**Q** 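This is the structure, below, for whatever I ask next.
Remember, predicted model here, so these are calculated numbers, not experimental data.
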2 protein chains.
Amino acid sequence: MKLLTKKTDYAIRILAVLTKNKNRFLSAREISSLQNIPYQFIRQILRILLQHNFVVSKEGGKGGFKLNVDPKNISVSDVIQYFQGNIMLSKCMFRKQLCHNRSTCILKKEINRIEELVEKEFARISIAKLTKT
Amino acid sequence: MKLLTKKTDYAIRILAVLTKNKNRFLSAREISSLQNIPYQFIRQILRILLQHNFVVSKEGGKGGFKLNVDPKNISVSDVIQYFQGNIMLSKCMFRKQLCHNRSTCILKKEINRIEELVEKEFARISIAKLTKT
DNA sequence: CTAACTGCTACTAAAATAGTATCAGTTAGG
DNA sequence: CCTAACTGATACTATTTTAGTAGCAGTTAG
Ligand code: FES
Ligand code: FES
């Protein structure tokens, strides 16, 4: 029942660190050593965060990354969305033999319901909430 | 956000089929073809179900498996427990840099809370509930 | 006796996750 | 105007987890 992958977890940590340093650019190297995340891995994650406009970057010396959104408006489920293939509804695995009428399949319904529940719960956790110590 | 693995899913299906055939032994071969589950894979799963007393077996010709519990008393989370390494709490991945005092870490708390929530939700779904069409 | 079964052990294959290497292009600052 | 410190982008490799397979020994109905 691993709800978050390491990529998601790291992404959240990165956003949290950037939140704590809102007004300056932090380099990948800096974040890497601050949070003990492998450098190349963090580069990968930062690129994704950049592509989805969670952060902005500055190239060259003294460059790095800076938060591009209000941490109150990013939730853990927003991050999950991009790092764990958006809250995919688990494909129906029962077959006709068990549920002749798919629309009445109880398990499928229940799983979907629980997944939505999980998403909603994660949606309630903003980065801002995580960083206010 | 794959909540159930195939093994868990198959296990549930097997229990559901056995529930629908409470009073006779079903062979692995039969269940396999009824539910389109690979034969050797189902054997593996049945052995685990047997070890945990979800089912009883009969060896030899006309042998097979039969439910050993009241389907009202088995929940999806009971099955998850044995097939997905019991609802493990995801290991804390943030480090001291972010939360100096681990006992106050919000993310960790939130994840644990959500995992418990998921477990509770699955606990509410009994095999009996799934099979009553 | 034997075909149809389970019990058990040990594999192999495929997919997902985690992490690495490398090179081209940008820029602050000497 | 050079260069060290950066990012942009692509393309790997390694590790772990999940999915599925093979095969033999032992049991039993018919
Ligand atoms: S499990 Fe898919 S329709 Fe029932
Ligand atoms: S994430 Fe582990 S203590 Fe905060």
**Q** A:Arg113: which residues meet the salt bridge (charged side-chain N to carboxylate O under 4.0 Å, His left out) condition with it, sequence neighbours left out?
**A** A:Glu110, B:Glu121
**Q** In Watson-Crick or G-U wobble terms, both distances under 3.5 Å, what is the partner of C:dG29?
**A** D:dC2
**Q** Nearest-Å distance, CD (A:Gln84) to P (C:dA16)?
**A** 13 Å
**Q** Kindly work out whether a path of hydrophobic side-chain contacts (I/L/V/M/F/W/Y, heavy atoms less than 4.5 Å apart) joins B:Phe25 to B:Leu34.
**A** no
**Q** Distance check needed: C:dG7 P versus B:Phe25 CZ, whole Å only.
**A** 11 Å
**Q** Rounded to whole Å, please give me the gap between CD1 in B:Ile48 and C1' in C:dT9.
**A** 13 Å
**Q** If we only count heavy atoms from C-beta on, is the B:Ile31 to B:Leu18 side-chain gap below 4.5 Å?
**A** yes
**Q** NA contact type, B:Leu50, heavy-atom cut-off 4.0 Å: base, sugar-phosphate, or nothing?
**A** sugar-phosphate
**Q** When you compare the side chain of A:Thr8 with that of A:Thr5, does any pair of heavy atoms fall below 4.5 Å?
**A** yes
**Q** Strictly below 4.0 Å: does A:Lys2 bring a side-chain N or O up to OP1 or OP2 of C:dA18?
**A** yes
**Q** Are any of the side-chain heavy atoms of A:Ile14 and A:Ile37 separated by less than 4.5 Å?
**A** yes
**Q** Only one of B:Asp78, B:Val76, B:Ile127 clears side-chain contact (heavy atoms from CB on, under 4.5 Å) with B:Leu15; which?
**A** B:Ile127
**Q** Within this structure, what is the CD1-to-C1' distance between B:Ile42 and C:dC8, rounded to whole angstrom?
**A** 17 Å
**Q** Taking only the side-chain nitrogens and oxygens of A:Tyr10, find out if one of them lies under 4.0 Å from OP1 or OP2 of C:dG19.
**A** yes
**Q** What's the CD-P distance between B:Gln44 and C:dA13, to the nearest Å?
**A** 16 Å
**Q** Taking 4.0 Å as the cut-off, does a side-chain nitrogen or oxygen of B:Thr5 come that near to OP1 or OP2 on D:dT17?
**A** no
**Q** Look for any protein N or O under 3.5 Å of an N or O in nucleotides 2-5 of chain D and output each such pair with its distance, or none.
**A**
unit_1, atom_1, unit_2, atom_2, d
D:dA5, N3, A:Gly61, N, 3.4

**Q** Under 4.0 Å between a side-chain N/O of A:Lys58 and OP1 or OP2 of D:dC6, yes or no?
**A** no
**Q** Any side-chain heavy atom of B:Glu115 within less than 4.5 Å of one from A:Leu3?
**A** yes
**Q** Please work out if B:Phe65 contacts a base, only the sugar-phosphate, or nothing of the nucleic acid, heavy-atom cut-off 4.0 Å.
**A** sugar-phosphate
**Q** I need the CD-C1' distance between B:Gln51 and C:dT9, as an integer number of Å.
**A** 12 Å
**Q** Under 4.0 Å between any heavy atoms, over every strand shown, what does A:Arg47 touch: base, sugar-phosphate, or nothing? Just pick one.
**A** base
**Q** Show me the donor-acceptor pairs, under 3.5 Å and distance only, between side chains in residues 38-64 of chain A and residues at least two apart or in other chains.
**A**
unit_1, atom_1, unit_2, atom_2, d
A:Tyr39, OH, A:Arg43, NH1, 3.3
A:Gln44, OE1, A:Lys7, NZ, 3.1

**Q** D:dT21 P sits how many Å from B:Arg29 CZ, rounded?
**A** 12 Å
**Q** Nearest whole Å is fine: how far is D:dC6 P from A:Glu30 CD?
**A** 7 Å
**Q** Nearest to the B:Phe41 side chain among D:dG20, C:dG19, D:dG8, which nucleotide is it?
**A** D:dG20
**Q** Both A:Gln40 and B:Leu26 contact DNA chain C. Which one's nearest nucleotide lies toward the 5' end?
**A** B:Leu26
